[in-house]
Amino acid sequence: MGDPREPPEGTPEGGSGNEDEFRSVVFDESFVRAARIQELSARERLAGSFGKATRQRVRLGPLGSVPRQALALLLLILLAFGAAVYFGVSSPKGIAARPEGSQLTVSLVALSPASAVRPVADPANPFAALPAGYGDGTIGLNTPTGAATEHFSRVEVTKALDSVQRYLVASSLAPAALVQGATADVRAFVTPGEQAEFDASVSQPVDDRHHAVTGWVVRFDPARVALASDSVKVAGAMRIDEADAGTLQITTDHTFVYALKPAGAPTGAPVTLETVRRQLTFQFDRVDLASAQLRLVDSVLEAGPAPCGTSMAGFLQPVLATAQGTAVAPPTAVDPGNHARPSWQVCGVLAGS
């Protein structure tokens, strides 16, 4: 009787009949599990899977039947979502969402003269009667030296002060802005979030506390007014603080004195001194500092001599002196029960000459 381990036809030619020589081709358990084709079980065949002797085997990974590509995509989505949440909610260095839309609030106050407006005694030296403390142009701004605050470095504060000083020069001292109607140099300092408000103020100025162009820039109607001197006398100061951990705030309070004459008047014509006080509040976040731009959030302007009841939203309206002086009606009484008149329109009496 033959060896049961031998095949029925006998040992193949050239073989020993020993099962050891087939060990190299025997499939271990891991290989079988990895197979993509598997024979149906008896129960599956009885359940109606006729016509199919095999089924596709799903390869199981560490997380079940999820393919590796889908797993990688899911991981990328989770990472992107986490990054969006982090940068959207946890803004670095405490920077809040940047404000957009109308931000500037403007208050305009006309200062009516208490008596007739008279020209200066010497048109060649129009500022001779000014008290001490006024400087020429930029010198009179008294820009302080930058010093670190709690959340802003000395370099950042210095950048903010430099932007404020250059803005004041462009909007309060430059002849192009004062009597030529230029606004491009001033607009260049305004952040994108305020540019629409600025543009509306220039194109359609109105005294609604938000869209008066004179809240942004000192300017006189070139059809009526000319500069008798390119010099502007200035006195005032700046204050540095923080609105919050991510917002640096600088408040300026300056008085500007301009020597004016009628447009087209020859040299030696009567010269009027116009006094304008500007109290401005600027704010900066770190994006503003990097772009050398600023947000002007509050502007209070007093100007005189000026007639009460005349809008100063588009141009300041100085009362120009004649050789004999110019009489101006005194301020009228205000009826607080008259709601047709906006409550923010204010008129005062100019002290002194």
Side-chain angles (χ1 to χ4, degrees), residues 104 120 124-149 152 154-191 198 213-220 222 225-241 248-261 271-284 288-289 291-304 316 318:
L104 174 62
V120 299
N125 188 18
F127 304 109
L130 285 181
Y134 283 86
D136 287 326
T138 306
I139 297 174
L141 295 176
N142 291 320
T143 305
T145 303
T149 63
F152 290 85
R154 181 186 63 81
V155 172
E156 290 173 323
V157 173
T158 300
K159 286 182 178 180
L161 289 169
D162 179 68
S163 294
V164 168
Q165 176 175 296
R166 291 189 295 121
Y167 178 88
L168 291 174
V169 170
S171 66
S172 306
L173 302 177
L178 296 174
V179 293
Q180 297 173 22
T183 58
D185 289 346
V186 177
R187 187 184 189 275
F189 289 96
V190 178
T191 59
F198 179 89
V213 66
T214 47
W216 300 91
V217 54
V218 175
R219 69 176 191 166
F220 307 100
V225 177
L227 293 176
S229 171
D230 287 340
S231 296
V232 178
K233 294 295 184 178
V234 188
M238 304 184 190
R239 186 179 74 249
I240 306 164
D241 53 23
L248 182 66
Q249 182 168 289
I250 295 179
T251 303
T252 66
D253 191 353
H254 294 96
T255 300
F256 303 86
V257 181
Y258 304 92
L260 305 178
K261 64 180 181 178
V271 176
T272 306
L273 293 184
E274 177 77 358
T275 303
V276 177
R277 180 180 178 182
R278 301 185 80 192
Q279 187 174 40
L280 308 176
T281 302
F282 303 91
Q283 291 183 348
F284 302 81
D288 301 330
L289 294 173
S291 60
Q293 292 181 309
L294 48 79
R295 282 177 282 141
L296 179 58
V297 297
D298 191 66
S299 174
V300 179
L301 181 143
E302 297 176 344
L316 301 185

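- Within 6.0 Å of the CD1 atom in Ile139, the count of heavy atoms belonging to other residues, nucleotides or ligands does not exceed 12.
- Note that CG of Leu294 and OG1 of Thr191 are 7.5 Å apart. Values are rounded to the nearest 0.5 Å.
- A heavy-atom distance below 4.5 Å is found between the side chains of Thr183 and Phe198.
- Residues Leu104 and Arg295 have side chains not in contact (no heavy-atom distance under 4.5 Å, counting atoms from C-beta outward).
- Interatomic distance, CG of Asn142 versus NE2 of His254, reported as 6.0 Å (0.5 Å rounding).
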- request: For Val190 and Leu296, run side chain to side chain contact (heavy atoms under 4.5 Å, CB included): C-alpha distance rounded to whole Å, both residues' side-chain angles, the deciding distance at 0.1 Å, then the answer.
  value: CA-CA 8 Å; Val190 178; Leu296 179 58; over 6 Å; no
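- Tested against Leu141, the residues Leu161, Val234, Val164 include a single side chain to side chain contact (heavy atoms under 4.5 Å, CB included) partner, Val234.
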field: CA sep, side-chain torsions, deciding dist, call: Leu178, Val218, side chain to side chain contact (heavy atoms under 4.5 Å, CB included)
entry: CA-CA 6 Å; Leu178 296 174; Val218 175; 3.9 Å; yes
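- With sequence neighbours left out, Phe220 forms a ring-ring contact (aromatic ring centres under 6.0 Å, His included) with Tyr258.
- Here the straight-line distance linking atom CD of Gln279 with atom CG of Asp253 works out to 4.5 Å at 0.5 Å rounding.
- Residues satisfying the ring-ring contact (aromatic ring centres under 6.0 Å, His included) criterion with Tyr134, sequence neighbours excluded, are absent altogether.
- Each side-chain hydrogen bond (donor to acceptor under 3.5 Å, both in side chains) pair with one or both residues in residues 169-180, not counting sequence neighbours, appears once here: Ser171-Arg278, Ser172-Arg278.
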task: Let me see the working for Lys233 and Asp136 under side chain to side chain contact (heavy atoms under 4.5 Å, CB included), right down to the final yes or no.
output: CA-CA 5 Å; Lys233 294 295 184 178; Asp136 287 326; 2.4 Å; yes
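- Minimum heavy-atom separation, Val186 to Ala170: CG2-O, 3.7 Å.
- Listed here is the closest heavy atom pair of Pro175 and Asp230: CG-OD1, 4.3 Å.
- Contact annotation: the side chain of Met238 never approaches that of Thr251 to less than 4.5 Å [non-hydrogen atoms, C-beta and beyond].
- Within 6.0 Å of NZ in Lys159 there are 12 or fewer heavy atoms belonging to other residues, nucleotides or ligands.
- To the nearest 0.5 Å, atoms CG (Asp185) and CZ (Arg166) are separated by 10.5 Å.
- For the pair Pro126 and Val120, the tightest heavy-atom approach, listed with the atom from each and the gap, is O-CG1, 3.6 Å.
- In this structure the side chain of Phe152 never reaches within 4.5 angstrom of the side chain of Ile240, judged on heavy atoms.
- Taking CD from Glu274 and CG from Leu316, the interatomic distance works out to 6.5 Å, rounded to the nearest 0.5 Å.
- Phe284 has its side chain within reach of Ile250: a pair of non-hydrogen atoms, C-beta onward, lies under 4.5 Å apart.
- Looking at Leu273 and Phe127, their side chains come closer than 4.5 Å, going by heavy atoms from C-beta outward.
- With a 4.5 Å cut-off on side-chain heavy atoms, Val225 and Pro318 count as touching.
- Counting heavy atoms from C-beta on, the side chains of Leu168 and Leu173 never come closer than 4.5 Å.
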